[in-house]
Engineer: 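Got a structure here, written out as structure tokens. Questions coming.
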2 protein chains.
Amino acid sequence: MTTAARANGSRDLPHPALEEIRLESVLHALSDPMRLQVVRELAADGDELSCSHFDLPVTKSTTTHHFRVLRESGVIRQVYRGTAKMNGLRRDDLDDLFPGLLDSVLAAAARQADRLGG
Amino acid sequence: MTTAARANGSRDLPHPALEEIRLESVLHALSDPMRLQVVRELAADGDELSCSHFDLPVTKSTTTHHFRVLRESGVIRQVYRGTAKMNGLRRDDLDDLFPGLLDSVLAAAARQADRLGG
DNA sequence: CCCGTACTACGATGCCTATCGTACGAGACG
DNA sequence: CGTCTCGTACGATAGGCATCGTAGTACGGG
């Protein structure tokens with residue numbers, strides 16, 4: 001066990017390795033409005049954000065579920081920091097696997113938000 | 001009723017208008033392996049292909065279902081031509097709504113197929 | 001050590017969906 | 001007309017999933 005792992009009480013979270021990330025899973029993860037919103041905010045911020053930072057119109061249970069889907073599909077990276085769980089986009093890995101995909105989706109989401117939201 | 005509509009026995013199929021196409025629905029449609037495969041073949045061919053051209057490892061009922069999901073999400077255009085039902089990518093509409101998105105997904109799919117398929 | 005905050009785990013529920021089989025409709029062709 | 005092919009419609013089924021509520025765990029601070 002690494003020092004880092006011991007430092008957060010061994011509460012490491014399972015992430016798919018780079019080679020395990022599947023395009024279909026990524027697209028499915030991004031096809032949910034809640035999750036797409038989360039990803040957009042993460043991309044806009046550029047840094048790590050805690051789960052509680054997001055004010056989604058669902059319960060915390062459901063929020064936990066969505067973050068898990070995003071993590072298990074390889075879209076985000078999650079790590080505990082104290083009681084908080086920090087979330088960051090796996091932009092480097094995604095860009096490596098699927099160049100331009102994330103940016104296209106983000107641009108498409110922004111466009112649609114502009115078009116629909118006013 | 002137009003002449004064209006009468007010519008094919010009024011078997012016109014409902015398609016979403018450009019403004020009705022939703023990014024989430026498009027991503028969801030593309031997140032299924034069967035449907036992604038269909039879209040890849042359509043993009044590779046560049047022209048219209050009949051449903052029966054595709055040799056999917058599912059029954060015809062299921063194939064019909066997948067084509068309907070693709071059509072109703074706005075990814076493909078379907079039109080009857082005799083007994084055959086021709087399918088074509090709505091590349092113009094998608095590129096207009098979400099520039100670069102389709103190409104990114106297709107490139108990502110090709111990359112993954114290369115990586116996994118050998 | 002106790003408490004509050006942050007997040008999880010688990011079970012329930014209702015909806016969506018991928019799949020199939022069978023029966024049917026529409027056009028082409030002899 | 002009869003028949004063949006192509007694709008649809010409908011019902012069934014099984015699994016997935018978004019959602020909730022409640023109860024519980026982990027960590028930090030007084």
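The chains referred to below are lettered A, B, ... by the order of the sequence lines, with proteins before strands, and numbering in each begins at 1.
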Engineer: Mind checking the CG-CG spacing from B:D95 to B:D103? Nearest 0.5 Å is all I need.
Structural biologist: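 Going from CG on B:D95 over to CG on B:D103, the span is 6.0 Å.
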Engineer: Could you check how far CZ of A:R68 sits from P of D:dT19, rounded to whole Å?
Structural biologist: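 Atom CZ in A:R68 sits about 13 Å away from atom P in D:dT19.
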Engineer: Return the value, rounded to whole Å, for the distance between atom CD of A:Q78 and atom P of C:dA6.
Structural biologist: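 Distance check: A:Q78 CD to C:dA6 P gives 16 Å.
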Engineer: Are there over 12 heavy-atom neighbours, none belonging to A:D55, within less than 6.0 Å of that residue's CG?
Structural biologist: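 Incorrect, the count does not exceed 12.
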Engineer: Using a heavy-atom cut-off of 4.0 Å across all strands, would you classify B:H53 as base, sugar-phosphate, or nothing?
Structural biologist: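 Contact class for B:H53: none.
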Engineer: Nearest heavy atom decides the nucleotide; on that basis, is B:C51 or A:H66 closer to the 5' end of DNA chain D?
Structural biologist: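 The 5'-side residue here is B:C51.
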Engineer: With a cut-off of less than 4.0 Å, is there a side-chain N or O of A:S61 near OP1 or OP2 of D:dG21?
Structural biologist: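 The answer is no; no side-chain N or O of A:S61 sits under 4.0 Å from OP1 or OP2.
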Engineer: Between B:S73 and B:S25, do the side chains contain a donor N or O and an acceptor N or O under 3.5 Å apart?
Structural biologist: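 On atom types as modelled, these side chains do not qualify, holding no pair under 3.5 Å.
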Engineer: Figure out the CG/C1' separation between A:L36 and D:dA18, and round it to whole Å.
Structural biologist: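 Value for this atom pair: 16 Å.
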Engineer: Scan B:S52 against the nucleic acid and name what it touches under 4.0 Å (heavy atoms): base, sugar-phosphate only, or nothing.
Structural biologist: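 B:S52: backbone/sugar contact only, no base atoms under 4.0 Å.
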Engineer: Does D:dC6 have OP1 or OP2 under 4.0 Å away from a side-chain N or O of B:R81?
Structural biologist: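 Checking B:R81 against D:dC6: no side-chain N or O falls below 4.0 Å of OP1 or OP2.
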Engineer: Could you report the tightest heavy-atom contact between A:E24 and B:Q112, atom names first, then the distance?
Structural biologist: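 Heavy atoms only, the tightest pair is OE1-NE2, 3.0 Å.
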Engineer: As a test of reading the structure: which of D:dC17, C:dC7, C:dC20 is closest to the side chain of A:H28, going by heavy atoms?
Structural biologist: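 In terms of side-chain proximity for A:H28, the closest of D:dC17, C:dC7, C:dC20 is D:dC17.
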Engineer: What integer distance in Å separates A:M86:CE from C:dC7:P?
Structural biologist: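 Between P of C:dC7 and CE of A:M86: 9 Å.
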Engineer: Side chain of A:T59 only, please: which of C:dC20, D:dC27, D:dG21 is the nearest?
Structural biologist: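 Nearest to the side-chain atoms of A:T59, counting from C-beta on, is D:dG21.
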Engineer: Return the value, rounded to whole Å, for the distance between atom NE2 of B:H65 and atom P of D:dG15.
Structural biologist: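 These atoms are roughly 17 Å apart.
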Engineer: Among C:dA18, D:dC27, D:dA18, which nucleotide has an atom closest to any side-chain atom of A:T83?
Structural biologist: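 Nucleotide nearest to A:T83's side chain: D:dC27.
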Engineer: Using atom CG of B:L70 as one end and atom P of C:dA18 as the other, report the distance to the nearest whole Å.
Structural biologist: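 In whole Å, C:dA18 P lies 10 Å from B:L70 CG.
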Engineer: Using a strict cut-off of less than 4.0 Å between a Lys/Arg side-chain nitrogen and an Asp/Glu carboxylate oxygen, indicate whether A:R81 and A:E48 qualify as a salt bridge.
Structural biologist: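 Salt bridge: yes.
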Engineer: Counting heavy atoms from C-beta on, name the nucleotide in C:dC7, C:dT19, D:dG7 closest to the side chain of B:M34.
Structural biologist: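 Looking only at heavy atoms from C-beta outward on B:M34, the closest nucleotide is C:dT19.
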Engineer: Can you tell me the distance, in whole Å, between the CD atom of B:E72 and the P atom of C:dT17?
Structural biologist: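 Rounded to whole Å, this separation is 10 Å.
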Engineer: Report the distance from atom OH of A:Y80 to atom P of C:dC7, rounded to the nearest whole Å.
Structural biologist: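 Answer to the nearest Å: 9 Å.
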Engineer: Counting heavy atoms from C-beta on, name the nucleotide in D:dG7, C:dA6, C:dT19 closest to the side chain of A:K60.
Structural biologist: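 Looking only at heavy atoms from C-beta outward on A:K60, the closest nucleotide is C:dA6.
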